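Structure first, commentary second.
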Amino acid sequence: LITGASGFLAGYLARWLAEQGAKDLLMVSRRADHFEGAKALSQALGEKGCSVRFLACDLQDGGAVSRLMGCHRDLTAVFHLAGEAGSDLL
């Protein structure tokens, strides 16, 4: 499972995982596969023998995350790359 599917880091990680032998990736974002580059990413992963599924899930919604995790109990790893870019000072 890779969160933040529409971000650059998620695509980079997905490609790397496929190169390392990953066969099935689940990529999650608020927009599922409705982002620029989703089709190309899916094709690139497929060429490496890796299937990918894009799902929509708002990770700020605890109920949605519970449902997501309940439907995918066979996960072996979670990479949390979701976040919002901002320039606020901490």
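Below, all heavy atoms of this structure are taken into account, side chains as well, without hydrogens, waters or symmetry copies. A quick note: this is a predicted structure, and the numbers were derived from the prediction, not measured.
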Donor-acceptor pair, T3 side chain versus A82 backbone, under 3.5 Å? yes

S66 side chain to G62 backbone, donor-acceptor under 3.5 Å: yes

Student check: side-chain heavy atoms of [X] and [Y] closer than 4.5 Å:
X   : Y   : value
R15 : L41 : yes
D33 : K39 : no
L68 : V28 : yes
L26 : F54 : no
L1  : M69 : yes
V65 : Q60 : no

side-chain contact (heavy atoms from CB on, under 4.5 Å) for K48 and E19? Distances and angles first, verdict last. CA-CA 7 Å; K48 296 178 188 323; E19 289 169 1; 3.7 Å; yes

Please check if [X] and [Y] belong to a single hydrophobic cluster, counting links between Ile, Leu, Val, Met, Phe, Trp and Tyr side chain heavy atoms closer than 4.5 Å.
X   : Y   : result
V78 : L9  : no
L45 : L75 : no
F79 : F35 : yes

Does C50 form a side-chain contact (heavy atoms from CB on, under 4.5 Å) with L25? I'd like the steps, not just the answer. CA-CA 7 Å; C50 182; L25 296 177; 3.6 Å; yes

Between D24 and R53, does the side-chain contact (heavy atoms from CB on, under 4.5 Å) criterion hold? Intermediate values first, please. CA-CA 8 Å; D24 186 33; R53 292 171 289 155; 3.2 Å; yes

Nearest-0.5 Å distance that lies between atom [atom1] in [X] and atom [atom2] in [Y]:
X   : Y   : atom1 : atom2 : answer
W16 : Y12 : CH2   : OH    : 9.5 Å
L13 : Q20 : CG    : CD    : 10.0 Å
M27 : L81 : CE    : CG    : 8.0 Å

Indicate the atoms forming the closest heavy-atom contact of S29 with G4, along with that distance. CB-C, 4.5 Å

Could you tell me whether E36 atom CD has more than 12 heavy atoms of other residues or ligands within 6.0 Å of it? no

